[in-house]
Amino acid sequence: MPELPEVETTVRGIRAALEGRTIVDAWFDFANGLATPDPTTFHARITGQTVREVTRRAKYIVIHLTDATLLIHLKMTGRVYVVPDDAEDYADQWVHFRFQLDNAQQLRFSDSRKFGRVYLVDDMDEVTGSLGPEPLSDEFTLDVFREAIRKRSGIIKALLLNQEFVAGVGNIYADEALHMAHIRPKRTADTLTDKEIEDLWNGIRTVLQAGIEREGASINWYRKPDGTKGTAQNGLLAYGRTGESCKTCGIGIIEKITVGQRGTHYCPSCQR
DNA sequence: CGGACAACCTGGCGGC
DNA sequence: TGCCGCCAGGTTGTCC
């Protein structure tokens with residue numbers, strides 16, 4: 001489910017309810033969901049810590065505590081939300097982690113497929129250290145992107161999904177960025193012209209920014225922390241539009257193929 | 001470096 | 001209605 005725009009929307013949605021609160025207890029029922037540390041250490045350590053700040057790095061929710069950092073990765077079906085202790089939510093049926101706050105509210109982590117992971121570490125770099133640049137940051141300049149592309153030879157879509165190359169792009173926004181840049185997903189990085197690299201750099205930033213402005217794409221599982229849907233799915237031009245007419249050129253019909261084991265959508269007419 | 005593939009899990013949907 | 005196979009927004013590890 002969640003890519004950079006969905007995680008950013010989630011972070012913005014839980015920030016106010018978490019910052020300044022103290023975690024007084026923690027509960028979970030799926031041990032594999034706790035990546036680190038071991039359950040006993042986790043419970044003992046997180047209890048009593050206060051939330052200083054809530055941020056995002058790539059697709060990770062980063063909760064900075066008094067003396068540690070809690071990271072949550074939503075993977076495909078994760079949702080997090082903060083609600084009163086006695087509140088009931090549709091997604092509760094898949095809740096595997098609860099963090100009890102000091103104001104009779106809980107941070108809940110729901111995840112039907114159980115792919116999501118929780119980390120409690122001294123330094124977030126232990127988890128996020130190998131990630132590539134944040135595509136919407138000032139550091140991610142066209143020059144930086146061009147130089148990085150020039151060192152690569154692999155299939156461009158797979159490269160966009162490689163979190164060590166660019167952090168936060170997932171299957172939806174990779175397809176959308178390539179569509180916007182008129183580049184076929186199976187092209188290899190070493191065939192891209194300078195113009196195409198620039199268009200792709202623009203495309204990545206544009207589709208991610210648009211995704212944030214629309215508060216994420218709710219195609220299937222993703223919901224904002226308040227339980228409602230984002231609207232980015234309404235603005236997609238390639239992803240999920242198999243068999244439909246291309247809105248960009250008005251000529252092609254969107255095709256679906258497989259690239260690197262992922263469903264991939266593109267217009268054979270205007271993506272070359 | 002890179003590509004193919006299996007694993008991790010469950011739910012929803014289309015087809016028969 | 002029921003069952004079956006397939007698909008899914010992500011990542012990691014293995015093998016070649």
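Throughout, protein chains are lettered first and strands after them, A, B, ... in sequence-line order, and every chain is numbered starting at 1. Atoms considered below: every heavy atom in the structure, side chains included; atoms not considered: hydrogens, waters and symmetry mates.
If you check dA6(B) for Watson-Crick or wobble pairing at under 3.5 angstrom, you find it paired to dT12(C).
A salt bridge is absent between R262(A) and D175(A): the closest approach of a Lys/Arg side-chain nitrogen to an acidic carboxylate oxygen does not fall below 4.0 angstrom. Of the charged side-chain nitrogens involved, none lies within less than 4.0 Å of a carboxylate oxygen, so that D89(A) and R223(A) do not count as a salt-bridged pair. Ion pairing of R56(A) with E134(A) is present here, as a side-chain N (NZ or NE/NH1/NH2) and a carboxylate O approach within less than 4.0 Å.
Taking atom NZ of residue K157(A) and atom P of nucleotide dG3(B), one finds them 14 Å apart after rounding to whole Å. Distance, Y222(A) OH to dG10(C) P: 14 Å, rounded to whole Å. Put simply, CD on E3(A) is 13 Å from P on dA8(C), counting in whole angstrom units. Nucleotide dA8(C) holds its P atom 17 Å from the CD atom of E6(A), rounded to whole Å. The CG-C1' distance, from L131(A) to dT11(C), rounds to 11 Å in whole Å. Rounded to whole Å, the distance from NZ on K114(A) to P on dA7(B) is 19 Å. The CE atom of M76(A) sits 17 Å away from the P atom of dC6(C) (whole-angstrom rounding). Between the CH2 atom of W221(A) and the C1' atom of dT10(B) there is a distance of 7 Å, given to the nearest Å.
Under the stacking definition used here (centres under 5.5 Å, planes under 30°), the residue F115(A) qualifies as stacked on the base of dC8(B).
Considering CH2 of W201(A) and OG1 of T206(A), their distance stands at 8.5 Å, rounded to 0.5 Å.
Side-chain N/O atoms of K186(A) include none lying less than 4.0 angstrom from OP1 or OP2 on dG3(B). Look at N32(A) and you won't find any side-chain N or O under 4.0 angstrom from OP1 or OP2 of dC8(B). When the side-chain nitrogen and oxygen atoms of H73(A) are compared with OP1 and OP2 of dT11(C), one or more of them lie within a distance under 4.0 Å. Contact annotation: R113(A) does not reach the phosphate of dA8(C) (side-chain N/O to OP1 or OP2, under 4.0 Å).
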Exercise for the section: Go through H96(A) and F28(A) one step at a time and tell me if the ring pair (Phe, Tyr, Trp, His ring centres under 6.0 Å) criterion holds. Expected result: CA-CA 5 Å; H96(A) 299 297; F28(A) 63 93; over 10 Å; no
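Each of dG10(C), dC9(B), dG11(B) was ranked by its minimum atom distance to the side chain of F30(A); first place goes to dC9(B). Side-chain atoms of S153(A) lie closest to dC1(B) of the nucleotides dC5(B), dC1(B), dT11(C). Proximity note for K59(A) (side chain, C-beta onward) versus dA6(B), dT11(C), dC9(B): the nearest is dT11(C).
Note on Y173(A): nothing from the nucleic acid sits closer than 4.0 angstrom, heavy atoms only. Using a 4.0 Å heavy-atom cutoff across all strands shown, I155(A) reaches sugar-phosphate atoms only and no base atom. Across all strands shown, T258(A) has no heavy atoms under 4.0 Å from either base or sugar-phosphate atoms. Within 4.0 Å (heavy atoms only), K151(A) reaches no atom of the nucleic acid at all.
Rounded to whole Å, the P atom of dC8(B) lies 26 Å from the corresponding atom of dC3(C). Nucleotides dC9(B) and dC4(C), compared at atom P, are 22 Å apart to the nearest Å.
Between Q271(A) and H179(A), the side chains place a donor N or O and an acceptor N or O closer than 3.5 Å (distance only, hydrogens not considered).
Mapping R152(A) and Q261(A) onto DNA chain B via the closest heavy atom, the residue that lands nearer the 5' end is R152(A).
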